Amino acid sequence: MKEFPKNYNFTEREEHWRKFWEDEDIYKFDESSDKPIYSVDTPPPYVSAEHLHTGHIMSYSQAEFVVRYKRMKGFNVYYPMGFDDNGLPTERFVEKKYKIDKSKITRKEFIDICLKETKVGAQNYKNLWQSLGTSVDWSKTYSTIDKHSQKISQWSFLDLHKKGKIYRAKKPVLWCTSCRTAIAQADLEAEERESKLYYIKAKVETGDELTFATTRPELLPACMGISVYPNDKRYKNLIGKKIILPLTGKHVYLSTDEEVDPKYGSGVVYFCSFGGQDCIDWLERHPEAKPIHALDPNGRFNEQAGVYADLKMKDARSKIVEDLKEIGALEKQEDLKNVTFIHERCSTDVEYISTEQWFINVLDSKNEFAKRGEELNWYPNFMHRIYKDWVTALKWDWCISRQRYYGVPFPLWYCSDCGEIVLADEKDLPIDPMNDRPNKPCPKCKGTNFKPEEDVMDTWMTSSLTPLIGSGLIQNEKLQQKMYPETLRAQAFEIIRTWLFYTIVKSHYHHDSLPFKDVMISGHGLDEQGRKISKRLGNYVTPSTIIEQFGADAMRYWATGASLGGNMRWNEDEVKKGKRTVTKLWNASRLAMESFDGQKKPVSSSLQDEDRWILSRLNDTIKECTEQFDKYEYSKARNAVDTFFWNDFCDYYLEFVKYRIYGEDKVSKDSAIYTLYSSLITIIKLYAPILPFITEELYQLYFKGLEKENSIHISAWSNANKDWEQTEKETKEFEKVLKVVDAVRAYKTKNGISLGKEIEEFKTEIKLSDNQKNLVSITQKVKKVISK
RNA sequence: GGGCGAUUAGCUCAGUUGGCUAGAGCACCUCGUUUACACCGAGGGGGUCAUAGGUUCGAGUCCUAUAUCGCCCACCA
């Protein structure tokens, strides 16, 4: 056996193996293989993420453990990587970073900055993934703004349009006044706030007074109707009467509405043109009412709001409340908590503005999407519930158009003469209607003047296609078809309602199938106190610092700490434990390997009791570990290996065989070496998915010459071996030895005797055979073991 | 308001279909340099398994309430 250094220099060796894997194409997808395919769809991260934190490491590593396991299990693994660099998140990032005022920059200039910025971001991610040893096939990468992704996104639009799932309509949509674009229901976040319920008095034409209650008095200029519950006796004689609104002097009529709760507030509700879901629903029930378009897309009132024109919502509120007080129309106000919807990207209050947008019809197929959710294999299972609830609660069709610059353009124009929508030809994709022109005149009026669609697509319009984009990177068409649906989607739980849901929508409509068979959902990375990691709190550590300090293997080891789907706190001690495991593996291997003969694989000759025992334990560990990995329970898989390696193998077995490998008895030595070899190669294989660097190092140091595969990561996973099985009785019999060993150790420790020091005799109540007595005396340095 | 998780040693967490005299790692205390490892080994202290009921021969594990925390969802204006 060649020289075995005393210490393992992870900094240098990890760098070495990174390069080796890349040079040798270890993780390259083999297009000619006929092994079963295992394809993986992991989230293309937003490259605009300003910082990478341990939460990212956690969720990507967890998927990667499984990927490595499957690769060793004999699957032809397809693991591409994408970067999400289109859409609103990137735009907001660039706007903030460069303090851009979009009115003072051209569309093209802005897009150029975005493209430049995303290149930098993608490189940062790639560097981190590589230093972590992520086993991606880097020749298969995509970005969501590249031509390939644009082509597929535009194809998706055309196909869904053809299938009648896409429509354009002018109706109230969710609107962000800060981003100045329409958004989708999935982009909303609910925020509970301390608010006030204002009781406002209005005059009735009969001379009576009517008090209605609202949390949003600022919408008064857009009031389009007032309703009470049909059987509410208090207001019976006022129904149908003209109500004169305070401040604006406009009038509406008092109507009845089943949805009004007579017990809440004054039992009188006013409805406004952009107040919220309740108002939209009310308008549907009261088509006679006329919406008042008093709010501009920038969030300011316009001339329809009379004296309140030009005011922002917030300012309008205080002004209107003030004015109401002044004229004595504010009866009272009560404190209450209520839920406001905000845009998740910028936390701006969402408004409801009637605009013309593109939609994908999802509401009509809610049941089918729910059914797809049932067909999907969920790991862990309880995550299914989040999906189910979301699908059931859907209220809006998916608005896919954004009034922004940086995104995939819609493949269409409008005829300037007749307004007809002219779609691009599939064969011309991708196109940009701003630069390209239709290749034929308007099919309706033969006109040749066109207006491009200036809106861009919602970023999810593209990322919902990642299974297609990923598999589409395979040139071989026959093979490409075998790649869809993919095998595994791995993602975090907070994007179930977006990424997962939208991907299922697309696959269902396009292919009438699920996009993948399994979904593995990770939890959140939290800080040490259990708080969500956020930029504002600054409560995160930089992964690259940890990797430099403890090594990538140690960092990855930490990521196994959370059970599947569970949240995990940051805990540097766990990283240290990973580092210690690496060191321990190194040292244990040093002991074993220095006894190995490099020429040929050892074979089993005459195994001794302790050999049979450890091999049986090894066998159990293989079974347990495999079973857990098959269920995506990387955490439990690691646990099984840890227990075996530290407790059984190091604490007991290595102590048992030391004297044999240093000794002269060839038969005894050979069987010890066979057992050591079998155990060690298995241990490093079982650890390989989690600790790819140290296991590769150990594999290359000795096993490669005999095991043939170029890297441990493409070597075959260890299978349970029938020959190694032991009956329960045999195991129990041997465990008596362990008990006596424990007793000897305890005796020595309590008496301050070094474990290496020989003692004269040791008495035990446990009945041991002569073989067993012999084993205890030699390994524990007791001249004579006296047992019953 | 509805739902889903969680609640086990000082800390972070395991405890699979009920059999546990409740485990691990860290931390703590004591001992020990032994030809793999002091980034170590050995030994030890420490828990009425959130609370209250119930099912059972037997419950950390199942049921029913309650409490606290976290998350998801939700138009009572």
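Sequence lines set the chain letters: A, B, ... in the order given, protein chains first and strands last, and positions in each chain run from 1. Quick caveat: nothing in here was measured; it's all calculated off a predicted structure.
Here rA14(B) is the nucleotide among rA14(B), rC13(B), rC37(B) with the atom lying nearest to any side-chain atom of Ser563(A). The side chain of Ile386(A) lies closest to rC72(B), out of rC37(B), rC73(B), rC72(B). Among the nucleotides rU33(B), rC73(B), rC71(B), the one closest to any side-chain atom of Phe493(A) is rC71(B). Closest approach to the Asp651(A) side chain among rA42(B), rC37(B), rC72(B) is made by rA42(B) (side chain taken as heavy atoms from C-beta onward).
Residue-level contact check: Ser635(A) touches neither bases nor backbone, having no heavy atom under 4.0 Å from any strand. Using a 4.0 Å heavy-atom distance criterion, Gly276(A) is classed as making no nucleic acid contact. Within 4.0 Å (heavy atoms only), Lys579(A) reaches at least one base atom of the nucleic acid. Within 4.0 Å (heavy atoms only), Lys576(A) reaches no atom of the nucleic acid at all. Heavy atoms of Cys650(A) sit under 4.0 angstrom from at least one base atom. Gln185(A) comes within 4.0 angstrom of sugar-phosphate atoms only, judged by non-hydrogen atoms across all strands, and of no base. Within the nucleic acid shown, Trp570(A) has no heavy atom closer than 4.0 Å to any nucleic acid atom.
Between Ala559(A) and Met58(A), the closest heavy-atom pair is CB-CA, 4.1 Å. Closest approach of Cys223(A) and Tyr270(A) over heavy atoms only: SG-CD1, 3.5 Å.
With 3.5 Å as the limit, one finds a donor-acceptor pair spanning the side chains of Asp742(A) and Tyr652(A).
By the 30° and 60° cut-offs, the orientation of the rings of Phe649(A) relative to Tyr653(A) is parallel.
rG60(B) and rU51(B): their C1' atoms are spaced 14 Å apart (whole Å). Rounded to whole Å, the separation between the P atoms of rG58(B) and rU21(B) comes to 13 Å. Atom name P, nucleotides rG46(B) and rA24(B): the rounded distance is 14 Å, in whole Å. Separating the C1' atom of rU16(B) from that of rC62(B) is a span of 15 Å, rounded to the nearest Å. Distance noted for atom P between rG23(B) and rC69(B): 32 Å (whole Å). Distance noted for atom C1' between rC76(B) and rG70(B): 26 Å (whole Å). The gap from the C1' atom of rC13(B) to that of rU7(B) amounts to 12 Å, rounded to the nearest Å. Taking atom P in both rU33(B) and rA42(B), the straight-line distance is 16 Å, to the nearest Å.
The stretch residues 621-630 of chain A participates, sequence neighbours left out, in these salt bridge (Lys or Arg N to Asp or Glu O under 4.0 Å) pairs: Lys70(A)-Asp630(A), Lys623(A)-Glu725(A).
Counting to the nearest Å, the P atom of rU35(B) and the CG atom of Leu654(A) are 16 Å from each other. Put simply, NZ on Lys750(A) is 11 Å from C1' on rC31(B), counting in whole angstrom units. For the pair Leu526(A) CG and rC71(B) P, the computed distance is 9 Å after rounding to whole Å. Per the geometry, OH belonging to Tyr747(A) stands 16 Å off P belonging to rG43(B), to the nearest Å. Straight-line distance from the CD atom of Glu192(A) to the P atom of rG70(B): 12 Å, rounded to whole Å. The distance between atom CG of Leu564(A) and atom P of rA6(B), rounded to the nearest whole Å, is 13 Å. Rounded to an integer number of Å, the gap from Trp390(A) CH2 to rC4(B) P is 19 Å. Distance Asn7(A) CG to rC40(B) P: 13 Å, rounded to the nearest Å.
Contact annotation: Thr749(A) does not reach the phosphate of rG44(B) (side-chain N/O to OP1 or OP2, under 4.0 Å). Under 4.0 angstrom from either OP1 or OP2 of rG41(B) there lies no side-chain N or O belonging to Lys748(A). The phosphate of rC71(B) (OP1 or OP2) has no side-chain N or O of Arg385(A) nearer than 4.0 angstrom. Listed pair Lys584(A) / rG41(B) meets the phosphate criterion, a side-chain N or O lying under 4.0 Å from OP1 or OP2. In this model, the phosphate group of rG43(B) is not approached by any side-chain N or O of Arg745(A) to a distance below 4.0 Å at OP1 or OP2.
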Table please: side-chain donor-acceptor pairs of residues 224-231 of chain A below 3.5 Å, with sequence neighbours left out.
residue	atom	partner	partner atom	Å
Ser227(A)	OG	Ser255(A)	OG	2.8
Ser227(A)	OG	Trp282(A)	NE1	2.9

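At a cut-off of 3.5 angstrom, counting only N and O atoms as typed in the model, there is a donor on one side and an acceptor on the other between the side-chain of Thr583(A) and the base of rC39(B).
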* Structure fact -> Base-pair string, RNA chain B, Watson-Crick plus G-U, cut-off 3.5 Å on both distances, | for inter-strand, is (((((((..((((.....[...)))).(((((.......))))).....(((((..]....))))))))))))....
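Not counting sequence neighbours, the partners of Asp389(A) by the side chain to side chain contact (heavy atoms under 4.5 Å, CB included) test are Arg385(A). Listed by chain and number, the residues in a side chain to side chain contact (heavy atoms under 4.5 Å, CB included) with Tyr540(A) are His51(A), His53(A), Ile533(A), Lys535(A) (sequence neighbours excluded).
When each of Lys669(A), Arg660(A), Arg617(A) is paired with Asp611(A), the salt bridge (charged side-chain N to carboxylate O under 4.0 Å, His left out) condition holds for Arg660(A) and for no other.
Salt-bridge check for Arg317(A) with Glu218(A): passed, with a basic side-chain N closer than 4.0 Å to an acidic carboxylate O. Taking the charged nitrogens against the carboxylate oxygens, Glu331(A) and Lys201(A) have no contact shorter than 4.0 Å, which rules out a salt bridge.
Met313(A) is listed as a side-chain neighbour of Arg216(A), based on a closest heavy-atom distance under 4.5 Å.
Between Asp389(A) and Gln628(A), it is Asp389(A) whose nearest contact on RNA chain B lies nearer the 5' terminus. Annotation: of the two residues near RNA chain B, Tyr652(A) and Ser589(A), the 5′-most nearest-nucleotide partner is Ser589(A).
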Within the sub-3.5 Å range, which N or O atoms of nucleotides 75-77 of chain B have a protein N or O partner, and how far apart are they?
residue	atom	partner	partner atom	Å
rC75(B)	OP1	Lys395(A)	NZ	3.1
rC76(B)	O2	Asp261(A)	OD2	3.2
rC76(B)	N3	Asp261(A)	OD2	2.5
rA77(B)	OP2	Tyr264(A)	OH	2.8
rA77(B)	N6	Asp261(A)	O	2.7
rA77(B)	N6	Tyr264(A)	O	2.6
rA77(B)	N1	Asp261(A)	N	3.1

* Please step through ring pair (Phe, Tyr, Trp, His ring centres under 6.0 Å) for the pair Phe271(A) and His286(A), ending with a clear verdict. => CA-CA 10 Å; Phe271(A) 294 96; His286(A) 300 265; 7.1 Å; no
